[in-house]
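Below you'll find the structure, written out as structure tokens, and then a few comments.
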2 protein chains.
Amino acid sequence: MVRWEPDAAGRLRRAALELFAERGVEATTVAAIAERAGVTERTFFRYFRDKREVLFGDQEGFAGLFVEGVRAAAPDAAPLEAVAAGLRSASDFFTDDARDGARLRSTVIDAHPGLRERELLKMADVGDRMAAALRERGVAEPGASLAAKSGIAVFHAAFAAWVAPGQTRGLADLTEDGLRELRAIAR
Amino acid sequence: MVRWEPDAAGRLRRAALELFAERGVEATTVAAIAERAGVTERTFFRYFRDKREVLFGDQEGFAGLFVEGVRAAAPDAAPLEAVAAGLRSASDFFTDDARDGARLRSTVIDAHPGLRERELLKMADVGDRMAAALRERGVAEPGASLAAKSGIAVFHAAFAAWVAPGQTRGLADLTEDGLRELRAIAR
DNA sequence: GGTCGTGATGTCACAATCTGACATCAGCGA
DNA sequence: TCGCTGATGTCAGATTGTGACATCACGACC
């Protein structure tokens, strides 16, 4: 007999997403999330720095997808091509059976400035890491940061299109579109 | 004789920046800011939604600089050229005598994730508005968003260079450099 | 001059967020 | 059996943020 149900963090994450979707973020207290997950408020704050963080798990793994892609790019690939490799690596991770979950999460986040704020910070962190990986490849500033941030913009746009209602194309496809569009824009 | 000293918001902003720089953001309570400004805590929250917001005044005016630049661009200018016009309009606003103040503010913001988060949200808002201005010019998505966000990345990099220790070049110059770099990166 | 409305601020009560300190106790290895 | 460990609980408290109502100089209007 176990003393506690396992995976408290996972239960908290699921409970939070449900409650945020059901009644909105503001109307959901940490106490309510903890109660649905079967733990105390104090335990919530042991797993998550604050109420918003509960929607953003495994930042290390997420950022790693991008960085590993950049690192694995051909040594002579141009900066934006290396960034494109990072985006492909991340895009491949999101298969279509994850789309519904991602859509719900996106809906919740977009409806709440505080969550959008947190997401921007997370994506900025990914951008910073990709820029660092580019510098390791010998790319100088400000080129490294510009390539990385433009890449993040592409991923953001592709992801938004991927979770848009009625979308049937895959994230990888949409990301390629975005990369082409970025090159066209910059002439 | 006036009932209250004028410009309570300005006093609160100055008091907050001073205290954040002196003892850090976490160690500065709203009560302390209000006391230094000579008002009550409640008055602080009448002027600013939350403690972080006190460092981000006049978002309307700031975003307006970018948007007006985009709107004023030649009708046949390419998307990125219109964005460049927006960046120039904003860059011209920051003259060198504002550099010290901007540097202090940047130092405080960069040292605190919560403030960086808020700044990202503000800049994302500027990007959204530039993208909307581009769409008014007939630029389709995702091109409008990509051009706007890449432009924001350029401004961010230029601004960081502008407030870097020992920097003597002007923001407008650094912005032009960034634009050239962006075009080079995207080939 | 007198009256009255307005707007900025103060006062008070309170919910919610977040943290530190300490207690509990099943499971595990020595 | 004993003692340690790690996840969780309990409790007290500071801080943030909001709603409701009070105060009162100032200016408009009669």
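All heavy atoms count here, side chains included; hydrogens, waters and symmetry mates do not. Residue numbers start from 1 in every chain, and the chains themselves are labelled A, B, ... in the order their sequence lines are given, proteins ahead of strands.
Rounded to an integer number of Å, the gap from B:E35 CD to D:dT16 C1' is 17 Å. Note: CZ (A:F45) to C1' (D:dT16) measures 12 Å, nearest angstrom. Going from atom CD of A:E5 over to atom C1' of C:dG27 covers 16 Å, rounded to whole Å. Whole-Å rounding puts the B:L12 CG to C:dA8 P distance at 14 Å. Here the P atom of nucleotide C:dA8 and the CG atom of B:D7 are 13 Å apart, to the nearest Å. Atom P of nucleotide C:dA16 and atom CD1 of A:I33 are separated by 12 Å, given to the nearest angstrom. Atom CD in B:E41 sits about 8 Å away from atom C1' in D:dT15, given to the nearest Å. Note: NZ (A:K51) to P (C:dA15) measures 16 Å, nearest angstrom.
For B:R3 against C:dG10, no side-chain N or O and base N or O form a donor-acceptor pair under 3.5 Å. Contact annotation: side chain of B:R46 to base of C:dG10, donor-acceptor pair present below 3.5 Å.
Under 4.0 Å is where a charged nitrogen must lie from a carboxylate oxygen, and between B:R14 and B:D7 at least one such pair does. Between A:E26 and A:K51 there is no salt bridge, since no side-chain nitrogen of the basic residue lies less than 4.0 Å from a carboxylate oxygen of the acidic one.
Listed nucleotides C:dA8, C:dT19, D:dG19 differ in distance to B:R42; the shortest reach to its side chain belongs to D:dG19. With D:dT15, C:dT17, C:dA8 as the candidates, the nucleotide lying closest to the side chain of B:W4 is C:dA8.
Aromatic ring pairs are classed by plane angle as parallel below 30°, tilted from 30° to 60° and perpendicular above 60°; the pair B:F159 and B:F155 is tilted. Classified by interplanar angle (parallel below 30°, tilted 30° to 60°, perpendicular above 60°), the ring pair B:F62/B:F66 is perpendicular.
Each of A:A31 and B:T40 has a nearest nucleotide on DNA chain C; the 5'-most of these lies closest to B:T40.
Taking 4.0 angstrom as the limit, A:T43 places a side-chain polar atom (N or O) nearer than this to OP1 or OP2 of D:dG9. A close approach under 4.0 Å does occur between a side-chain nitrogen or oxygen of A:Y47 and OP1 or OP2 of D:dT8.
Rounded to the nearest 0.5 Å, atoms CZ (A:R23) and CG (A:L19) are 5.0 Å apart.
Residue contacts for B:R49: at a heavy-atom cut-off of 4.0 Å it reaches the sugar-phosphate backbone alone, with no base atom in range.
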